[in-house]
Amino acid sequence: MKLNERGLLVVISGPSGVGKGTVRKALFDMPKHNLTYSVSMTTRKMRPGEVNGVDYYFVSKEEFEQKIKDGKLLEHAEFVGNYYGTPLDKVNEQLDKGNEVVLEIEVEGAQQVKNKMPDCVSIFIVPPGKEALYERLRARGTESEEIIQQRIEKANREFKKAYLYDYIVVNDEVSNAADRIMAIIRAEHAKTERSIYKYMELIGEKEN
Ligand code: 5GP
(Lines give C-alpha, C1' and ligand atoms only; values in the text may rest on other atoms or scores of the structure.)
Protein backbone atom coordinates (compact mmCIF):
# COMPACT_ATOMS: atom_id res chain seq x y z
CA MET A 1 0.00 0.00 0.00
CA LYS A 2 1.25 3.45 -0.85
CA LEU A 3 1.79 5.84 2.01
CA ASN A 4 -0.85 8.35 1.04
CA GLU A 5 -3.66 5.82 0.73
CA ARG A 6 -3.40 4.91 4.35
CA GLY A 7 -5.02 7.12 6.94
CA LEU A 8 -2.98 9.31 9.22
CA LEU A 9 -2.08 8.11 12.70
CA VAL A 10 -2.50 11.02 15.10
CA VAL A 11 -1.06 10.71 18.59
CA ILE A 12 -2.46 13.14 21.12
CA SER A 13 -0.52 13.18 24.35
CA GLY A 14 0.45 15.48 27.20
CA PRO A 15 0.77 15.54 30.96
CA SER A 16 -1.84 13.87 33.13
CA GLY A 17 -4.75 16.23 33.82
CA VAL A 18 -4.14 18.56 30.88
CA GLY A 19 -7.57 17.80 29.47
CA LYS A 20 -6.57 15.49 26.62
CA GLY A 21 -9.84 13.59 26.83
CA THR A 22 -11.98 16.71 26.71
CA VAL A 23 -10.01 18.13 23.79
CA ARG A 24 -10.25 14.82 21.95
CA LYS A 25 -14.04 14.75 22.43
CA ALA A 26 -14.33 18.34 21.14
CA LEU A 27 -12.24 17.32 18.12
CA PHE A 28 -14.63 14.49 17.32
CA ASP A 29 -17.63 16.82 17.67
CA MET A 30 -16.29 19.01 14.87
CA PRO A 31 -18.04 18.75 11.49
CA LYS A 32 -16.62 17.07 8.37
CA HIS A 33 -13.90 14.71 9.40
CA ASN A 34 -13.12 11.04 9.06
CA LEU A 35 -11.38 10.60 12.37
CA THR A 36 -11.79 7.37 14.27
CA TYR A 37 -10.88 7.00 17.89
CA SER A 38 -8.78 4.09 19.03
CA VAL A 39 -10.41 2.82 22.23
CA SER A 40 -7.64 1.83 24.64
CA MET A 41 -7.44 -1.15 26.93
CA THR A 42 -6.90 -0.62 30.64
CA THR A 43 -6.78 -2.47 33.93
CA ARG A 44 -7.96 0.53 35.93
CA LYS A 45 -11.40 0.55 37.54
CA MET A 46 -14.28 2.03 35.61
CA ARG A 47 -15.21 5.56 36.75
CA PRO A 48 -18.87 6.53 37.15
CA GLY A 49 -20.35 7.31 33.74
CA GLU A 50 -17.74 5.37 31.78
CA VAL A 51 -18.84 2.71 29.32
CA ASN A 52 -16.92 -0.46 28.50
CA GLY A 53 -15.93 -0.48 24.81
CA VAL A 54 -16.53 3.27 24.46
CA ASP A 55 -14.19 4.93 26.96
CA TYR A 56 -11.94 1.92 27.39
CA TYR A 57 -11.94 -1.83 27.17
CA PHE A 58 -11.76 -2.64 30.87
CA VAL A 59 -9.85 -5.88 31.39
CA SER A 60 -8.10 -7.78 34.17
CA LYS A 61 -4.34 -7.62 34.72
CA GLU A 62 -4.05 -11.23 33.49
CA GLU A 63 -5.92 -10.48 30.26
CA PHE A 64 -3.75 -7.42 29.66
CA GLU A 65 -0.52 -9.30 30.24
CA GLN A 66 -1.67 -11.99 27.81
CA LYS A 67 -2.28 -9.29 25.14
CA ILE A 68 1.27 -8.02 25.67
CA LYS A 69 2.66 -11.57 25.33
CA ASP A 70 0.65 -12.18 22.15
CA GLY A 71 1.94 -8.94 20.59
CA LYS A 72 -1.59 -7.55 20.32
CA LEU A 73 -0.73 -4.04 21.54
CA LEU A 74 0.84 -1.28 19.48
CA GLU A 75 2.12 0.25 22.71
CA HIS A 76 1.47 -0.03 26.40
CA ALA A 77 2.50 1.67 29.60
CA GLU A 78 1.96 1.45 33.30
CA PHE A 79 0.39 4.60 34.63
CA VAL A 80 -0.12 5.15 38.38
CA GLY A 81 -0.45 1.45 39.10
CA ASN A 82 -2.52 0.41 36.08
CA TYR A 83 -1.83 -0.78 32.56
CA TYR A 84 -3.01 1.15 29.51
CA GLY A 85 -2.49 0.06 25.91
CA THR A 86 -3.55 0.45 22.28
CA PRO A 87 -5.01 -2.60 20.49
CA LEU A 88 -2.96 -3.01 17.30
CA ASP A 89 -5.50 -4.78 15.04
CA LYS A 90 -8.07 -2.01 15.17
CA VAL A 91 -5.53 0.71 14.43
CA ASN A 92 -4.26 -1.06 11.32
CA GLU A 93 -7.77 -1.93 10.15
CA GLN A 94 -8.83 1.74 10.21
CA LEU A 95 -5.59 3.06 8.69
CA ASP A 96 -5.93 0.55 5.83
CA LYS A 97 -9.45 1.85 5.18
CA GLY A 98 -7.94 5.30 4.75
CA ASN A 99 -9.37 6.66 8.00
CA GLU A 100 -7.42 8.88 10.36
CA VAL A 101 -6.89 7.17 13.68
CA VAL A 102 -6.54 9.22 16.84
CA LEU A 103 -4.77 7.86 19.90
CA GLU A 104 -5.07 9.70 23.18
CA ILE A 105 -2.30 8.30 25.32
CA GLU A 106 0.31 9.18 27.93
CA VAL A 107 3.89 10.17 27.15
CA GLU A 108 5.71 6.82 27.42
CA GLY A 109 3.26 5.08 25.07
CA ALA A 110 3.44 8.02 22.65
CA GLN A 111 7.19 7.49 22.33
CA GLN A 112 6.72 3.79 21.61
CA VAL A 113 4.30 4.68 18.80
CA LYS A 114 6.72 7.25 17.38
CA ASN A 115 9.46 4.60 17.29
CA LYS A 116 7.29 1.92 15.72
CA MET A 117 5.38 4.16 13.32
CA PRO A 118 7.58 7.21 12.62
CA ASP A 119 5.10 8.38 10.02
CA CYS A 120 2.57 9.28 12.74
CA VAL A 121 1.84 12.86 13.74
CA SER A 122 2.46 13.51 17.42
CA ILE A 123 0.87 16.37 19.31
CA PHE A 124 1.71 17.42 22.86
CA ILE A 125 -1.06 19.26 24.67
CA VAL A 126 0.09 21.66 27.38
CA PRO A 127 -1.84 23.64 29.99
CA PRO A 128 -1.72 27.45 29.95
CA GLY A 129 0.21 27.13 33.27
CA LYS A 130 1.23 24.47 35.78
CA GLU A 131 -1.22 25.71 38.43
CA ALA A 132 -4.13 25.24 36.04
CA LEU A 133 -3.09 21.63 35.66
CA TYR A 134 -2.81 20.94 39.40
CA GLU A 135 -6.25 22.47 39.96
CA ARG A 136 -7.73 20.27 37.27
CA LEU A 137 -6.21 17.13 38.76
CA ARG A 138 -7.71 17.97 42.15
CA ALA A 139 -11.09 19.07 40.80
CA ARG A 140 -11.80 15.67 39.27
CA GLY A 141 -12.65 14.55 42.82
CA THR A 142 -12.72 10.85 42.01
CA GLU A 143 -9.28 9.96 43.31
CA SER A 144 -7.58 9.79 46.71
CA GLU A 145 -5.00 12.40 47.75
CA GLU A 146 -2.25 9.81 47.32
CA ILE A 147 -3.24 9.10 43.71
CA ILE A 148 -3.57 12.83 42.99
CA GLN A 149 -0.04 13.38 44.32
CA GLN A 150 1.28 10.57 42.14
CA ARG A 151 -0.42 12.09 39.10
CA ILE A 152 1.07 15.53 39.89
CA GLU A 153 4.57 14.06 40.17
CA LYS A 154 4.03 12.15 36.96
CA ALA A 155 2.82 15.32 35.20
CA ASN A 156 5.96 17.19 36.33
CA ARG A 157 8.14 14.53 34.70
CA GLU A 158 5.96 14.48 31.58
CA PHE A 159 6.23 18.25 31.01
CA LYS A 160 9.87 17.78 30.09
CA LYS A 161 9.08 15.50 27.16
CA ALA A 162 7.47 18.13 24.94
CA TYR A 163 10.55 18.38 22.69
CA LEU A 164 9.95 14.82 21.45
CA TYR A 165 6.73 15.79 19.64
CA ASP A 166 5.97 17.20 16.21
CA TYR A 167 3.57 19.85 17.56
CA ILE A 168 2.72 21.59 20.82
CA VAL A 169 -0.85 22.78 21.37
CA VAL A 170 -1.87 24.95 24.34
CA ASN A 171 -5.16 23.98 25.92
CA ASP A 172 -6.26 27.47 26.95
CA GLU A 173 -9.82 26.89 25.71
CA VAL A 174 -10.97 23.42 24.72
CA SER A 175 -12.49 24.56 21.43
CA ASN A 176 -9.30 26.48 20.50
CA ALA A 177 -7.16 23.45 21.20
CA ALA A 178 -9.44 21.23 19.10
CA ASP A 179 -9.33 23.78 16.24
CA ARG A 180 -5.54 23.80 16.32
CA ILE A 181 -5.36 20.03 16.23
CA MET A 182 -7.76 19.86 13.27
CA ALA A 183 -5.63 22.45 11.44
CA ILE A 184 -2.53 20.32 12.06
CA ILE A 185 -4.25 17.17 10.77
CA ARG A 186 -5.43 18.92 7.60
CA ALA A 187 -2.01 20.44 6.96
CA GLU A 188 -0.29 17.10 7.53
CA HIS A 189 -2.61 15.48 5.03
CA ALA A 190 -1.64 17.97 2.37
CA LYS A 191 2.10 17.44 2.90
CA THR A 192 3.82 16.62 -0.37
CA GLU A 193 5.39 13.44 0.96
CA ARG A 194 1.93 12.11 1.83
CA SER A 195 0.10 13.19 -1.30
CA ILE A 196 2.65 13.07 -4.13
CA TYR A 197 1.78 9.51 -5.31
CA LYS A 198 -1.88 10.30 -5.63
CA TYR A 199 -1.05 13.49 -7.47
CA MET A 200 1.26 11.69 -9.91
CA GLU A 201 -1.52 9.21 -10.66
CA LEU A 202 -3.93 12.06 -11.18
CA ILE A 203 -1.77 13.67 -13.83
CA GLY A 204 -0.97 10.31 -15.41
CA GLU A 205 2.69 10.25 -14.46
CA LYS A 206 4.19 7.04 -13.25
CA GLU A 207 6.01 7.10 -9.97
CA ASN A 208 9.66 6.02 -9.76
P1 5GP B 1 -7.17 7.94 32.90
O2 5GP B 1 -6.99 6.92 33.98
O3 5GP B 1 -7.23 9.34 33.45
O4 5GP B 1 -8.32 7.64 31.98
O5 5GP B 1 -5.87 7.89 31.99
C6 5GP B 1 -4.60 8.00 32.54
C7 5GP B 1 -3.59 8.28 31.45
O8 5GP B 1 -3.48 7.16 30.57
C9 5GP B 1 -3.98 9.46 30.55
O10 5GP B 1 -2.82 10.26 30.38
C11 5GP B 1 -4.42 8.80 29.27
O12 5GP B 1 -4.21 9.64 28.14
C13 5GP B 1 -3.50 7.61 29.23
N14 5GP B 1 -3.94 6.55 28.34
C15 5GP B 1 -5.20 6.23 27.96
N16 5GP B 1 -5.18 5.21 27.11
C17 5GP B 1 -3.89 4.88 26.90
C18 5GP B 1 -3.22 3.91 26.10
O19 5GP B 1 -3.81 3.12 25.36
N20 5GP B 1 -1.88 3.87 26.16
C21 5GP B 1 -1.15 4.70 26.95
N22 5GP B 1 0.17 4.60 26.90
N23 5GP B 1 -1.74 5.64 27.71
C24 5GP B 1 -3.09 5.73 27.70
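All residue numbers refer to positions in the sequence shown, counting from 1. In listed order, ligands and their atoms are each counted from 1.
Listed by first then second residue, pairs satisfying ring pair (Phe, Tyr, Trp, His ring centres under 6.0 Å) with a partner in residues 134-176 read Phe124-Tyr165, not counting sequence neighbours. Every pair passing salt bridge (charged side-chain N to carboxylate O under 4.0 Å, His left out) that includes a residue from residues 18-36 is listed here, sequence neighbours excluded: Arg24-Glu104.
Under a 4.0 Å N-O distance rule, the pair Asp119/Arg194 qualifies as a salt bridge.
Using a 4.5 Å cut-off on side-chain heavy atoms (C-beta onward), Val11 and Asp166 make no contact.
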Can you list, pair by pair, the side-chain donor-acceptor contacts under 3.5 Å of residues 77-89, counting residues two or more places apart and other chains?
{"from": "Asn82", "atom 1": "OD1", "to": "Thr43", "atom 2": "OG1", "distance (Å)": "3.3"}
{"from": "Tyr83", "atom 1": "OH", "to": "Glu65", "atom 2": "OE2", "distance (Å)": "3.0"}
{"from": "Tyr84", "atom 1": "OH", "to": "Arg44", "atom 2": "NE", "distance (Å)": "3.4"}
{"from": "Thr86", "atom 1": "OG1", "to": "Glu75", "atom 2": "OE2", "distance (Å)": "2.5"}

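Side-chain contact of Glu100 with His189: a donor-acceptor pair under 3.5 Å is present, judged by distance alone.
At a heavy-atom cutoff of 4.0 Å, ligand 1 is surrounded by Lys20, Ser40, Arg44, Arg47, Tyr56, Glu75, Ala77, Phe79, Tyr84, Gly85, Thr86, Glu104, Ile105, Glu106, Gly109, Arg140, Arg151.
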